[in-house]
Amino acid sequence: MLRQLSPAEIYYLGRKYIVNTTIDSDLIPLYGEGPRIWGVLAETGELVELVDFCSGIGVTPLGHSGKLLMIPGNEWFNNAEVQLAEKLCVITPGKHPKKVFFCNSGTESVEAAVKMCLARRYHSYKELYGGEAEARLQEKRVFCAFGGAFHGRTAYALSLNCSK
């Protein structure tokens, strides 16, 4: 069951459980009409009005109309999204702090996974080998992918594809 959170709670949970890629505002949108959005700044509680030049993904040609039920998570945090992220982090096994990366396609998820693996390997090699990390990284370049699967049409995803 979805609970109604305050703007401050939405912002706090978003920062805690969602990977931050483009969000740089504490605005929590509440209502929209045409290209305008009204929302609350989570840290101050101030009500603000702004013009949404993106108009959300699903409403680009029309603008907003009433209560904002779906807001792209890469623009601002929203109630449903942060609660889903919290739930996913709670039920996912592991002791380390976890965050969720919501994306639009399987290709984006493959790209993120490959970049995460490369970043993790780089940092662990830096700790283990110090100045020799760069040379050691060149030695091992292996990723696993499902045979016959389609992983997408971007650079990393294409390098994992087994299909023509």
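Any value given below was found using the heavy atoms of this structure, including those in side chains, with hydrogens, waters and symmetry copies removed.
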*What pairs meet the salt bridge (Lys or Arg N to Asp or Glu O under 4.0 Å) rule with one or both residues in residues 10-31, with sequence neighbours excluded?*
none
_Ile10 and Asn78, any side-chain heavy atoms less than 4.5 Å apart_ = no
*Between Thr107 and Gly152, what is the shortest heavy-atom contact and its length?*
OG1-CA, 3.1 Å
*Hydrophobic cluster mates of Phe101, side-chain heavy atoms under 4.5 angstrom, ILVMFWY only, any path?*
Val19
*asked:* How close do Ala42 and Pro7 get, counting heavy atoms only, and between which atoms?
replied: CB-O, 3.5 Å
*Tyr11 and Leu41: side chain to side chain contact (heavy atoms under 4.5 Å, CB included), yes or no, with the steps?*
CA-CA 9 Å; Tyr11 184 69; Leu41 298 178; over 6 Å; no
*Residues two or more places apart in sequence or in another chain: which of them pass side-chain contact (heavy atoms from CB on, under 4.5 Å) with Glu49?*
Arg36, Trp38
*Shortest non-hydrogen contact between Pro29 and Ile37, atoms and distance*: CB-CG2, 3.7 Å
*Hey, does Ile18 have a side-chain heavy atom less than 4.5 Å from the side chain of Glu81?*
yes
*Pairs flagged by salt bridge (Lys or Arg N to Asp or Glu O under 4.0 Å) wherever residues 4-14 is involved - sequence neighbours left out*: none
*Check the pair Gln83 / Leu2 against side chain to side chain contact (heavy atoms under 4.5 Å, CB included), numbers first and verdict last.*
CA-CA 7 Å; Gln83 289 185 61; Leu2 198 62; 3.4 Å; yes
_Determine whether Gln4 and Asn79 satisfy the following criterion, side chain to side chain contact (heavy atoms under 4.5 Å, CB included), listing intermediate values before the conclusion._
CA-CA 7 Å; Gln4 186 56 50; Asn79 191 40; 3.7 Å; yes
*Identify, with sequence neighbours excluded, every residue that meets side-chain contact (heavy atoms from CB on, under 4.5 Å) alongside Tyr17.*
Leu13, Ala85, Glu86, Cys89
*Over all atoms of both residues, closest heavy-atom pair of Val82 and Phe77*: CG1-CB, 4.0 Å
_Lys99 NZ: over 12 foreign heavy atoms closer than 6.0 Å_ = yes
*Can you list every pair that meets salt bridge (Lys or Arg N to Asp or Glu O under 4.0 Å) and has a residue in residues 102-111, with sequence neighbours left out?*
Glu111-Lys115
*Taking only residues two or more places apart in sequence, or in another chain, which ones meet Ser25 in a side-chain contact (heavy atoms from CB on, under 4.5 Å)?*
Leu27, Trp76
